[in-house]
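As structure tokens, the structure follows; a few thoughts come after it.
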Amino acid sequence: MNVVRKSSLIILTVLFLLSLFYSVSYAERLDRALFKKIEANLMCTDSCGMYLKTCENATAQKMRKDIISMLTKGMSEKEIYGRMISVYGEEVMAAPPVSSKFNIIVWASPFVAIIIGFIVIYLCLDRWIFNSRKAEAGADINEKEIEQYEDYLDEEIKKHY
């Protein structure tokens with residue numbers, strides 16, 4: 001019986017350790033997924049202008065450590081974003097917060113300006129090309145009229161001289 005108790009105690013201990021390892025591993029995967037999501041939505045505040053997930057400089061490493069420490073403290077995603085904005089400013093966010101209409105307008109205005117610029121250039125080129133084609137068509141008409149007048153002029157000159 002003593003051997004059976006020892007073996008069952010060993011089996012229970014191993015099962016307990018495996019379940020503990022599995023639960024820690026599962027929690028770590030959840031934290032990793034949240035960490036990756038947060039990391040993808042933040043910008044490195046160094047002058048490199050890269051997303052935090054792709055930047056490898058010292059500032060990015062410090063920001064990652066801060067995010068991990070906030071996650072281990074049990075902070076939510078919104079709390080972490082709020083903390084990062086309070087420390088680094090709104091420029092830390094990869095996209096502007098939806099709550100601020102001014103930020104969205106400022107963020108989207110360069111794209112709108114580029115699209116409007118392309119439209120204006122297209123319309124100018126279209127008119128330019130259309131007017132040149134129209135002028136060419138007008139030149140064809142003028143050449144035909146000129147030929148008719150030259151023929152008429154030649155006939156009149158022959159009559160009088």
Side-chain angles (χ1 to χ4, degrees), residues 1-140:
M1 281 282 214
N2 199 9
V3 173
V4 173
R5 280 188 175 173
K6 284 184 179 181
S7 62
S8 63
L9 184 62
I10 290 173
I11 291 173
L12 285 175
T13 305
V14 168
L15 288 175
F16 175 73
L17 290 175
L18 285 176
S19 68
L20 183 64
F21 175 74
Y22 178 75
S23 66
V24 168
S25 172
Y26 182 71
E28 184 178 316
R29 272 188 273 146
L30 288 178
D31 288 342
R32 276 286 163 201
L34 183 58
F35 172 76
K36 291 293 182 186
K37 181 179 178 185
I38 293 170
E39 186 183 34
N41 290 325
L42 295 176
M43 299 291 290
C44 180
T45 57
D46 203 358
S47 61
C48 66
M50 296 174 66
Y51 286 100
L52 184 61
K53 68 179 181 180
T54 58
C55 189
E56 294 297 329
N57 62 24
T59 306
Q61 295 298 332
K62 182 187 178 305
M63 290 173 72
R64 284 189 192 97
K65 287 179 185 176
D66 292 343
I67 294 170
I68 290 172
S69 69
M70 287 185 256
L71 284 172
T72 55
K73 290 178 184 174
M75 293 176 74
S76 69
E77 182 179 358
K78 288 184 179 181
E79 291 172 336
I80 293 173
Y81 289 143
R83 175 77 176 138
M84 296 302 275
I85 288 172
S86 68
V87 171
Y88 298 106
E90 284 189 352
E91 62 269 4
V92 75
M93 297 301 293
V98 179
S99 62
S100 175
K101 291 180 183 176
F102 177 74
N103 285 342
I104 292 174
I105 290 170
V106 169
W107 188 75
S109 62
F111 301 111
V112 172
I114 289 171
I115 291 170
I116 290 172
F118 279 128
I119 291 171
V120 167
I121 290 171
Y122 173 77
L123 291 175
C124 289
L125 287 175
D126 186 48
R127 284 190 179 179
W128 184 20
I129 292 170
F130 179 71
N131 286 338
S132 67
R133 288 181 184 161
K134 187 176 177 182
E136 287 174 6
D140 289 341

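Reckoned from all heavy atoms, side chains included, excluding hydrogens, waters and symmetry mates.
Here the straight-line distance linking atom CD1 of Ile80 with atom CD1 of Ile85 works out to 12.0 Å at 0.5 Å rounding. For the atom pair Ile38 CD1 and Ile67 CD1, the distance stands at 6.0 Å (nearest 0.5 Å). Between Thr45 atom OG1 and Met63 atom CE the span is 4.5 Å, to the nearest 0.5 Å. Taken from CG in Leu52 to CD in Glu39, the straight-line distance is 5.0 Å, to the nearest 0.5 Å.
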Donor-acceptor contacts, no H, no angles, side chain residues 71-79, under 3.5 Å, sequence neighbours left out:
| from | atom 1 | to | atom 2 | distance (Å) |
| --- | --- | --- | --- | --- |
| Thr72 | OG1 | Ile68 | O | 3.2 |
| Thr72 | OG1 | Ser69 | O | 2.7 |
| Ser76 | OG | Glu79 | N | 3.3 |
| Glu77 | OE1 | Lys37 | NZ | 3.3 |
| Glu77 | OE2 | Tyr81 | OH | 3.0 |
| Glu79 | OE1 | Ser76 | N | 2.8 |

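In terms of the side-chain contact (heavy atoms from CB on, under 4.5 Å) criterion, residue partners of Asn57 (sequence neighbours excluded) are, by chain and number, Cys44, Asp46, Cys48, Cys55, Thr59, Ala60. With sequence neighbours excluded, the residues forming a side-chain contact (heavy atoms from CB on, under 4.5 Å) with Leu123 are Ile119, listed by chain and number. Residues meeting the side-chain contact (heavy atoms from CB on, under 4.5 Å) test with Lys62, sequence neighbours left out: Asp66, Tyr88. Partners of Met43 under the side-chain contact (heavy atoms from CB on, under 4.5 Å) rule, at least two apart in sequence or in another chain, are Tyr51, Ala94.
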Checking side-chain contact (heavy atoms from CB on, under 4.5 Å) for the pair Gln61/Glu56: CA distance, chi angles, key distance, verdict? CA-CA 7 Å; Gln61 295 298 332; Glu56 294 297 329; 3.1 Å; yes

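Contact check for Arg83 versus Met70: side-chain heavy atoms found under the 4.5 Å cut-off.
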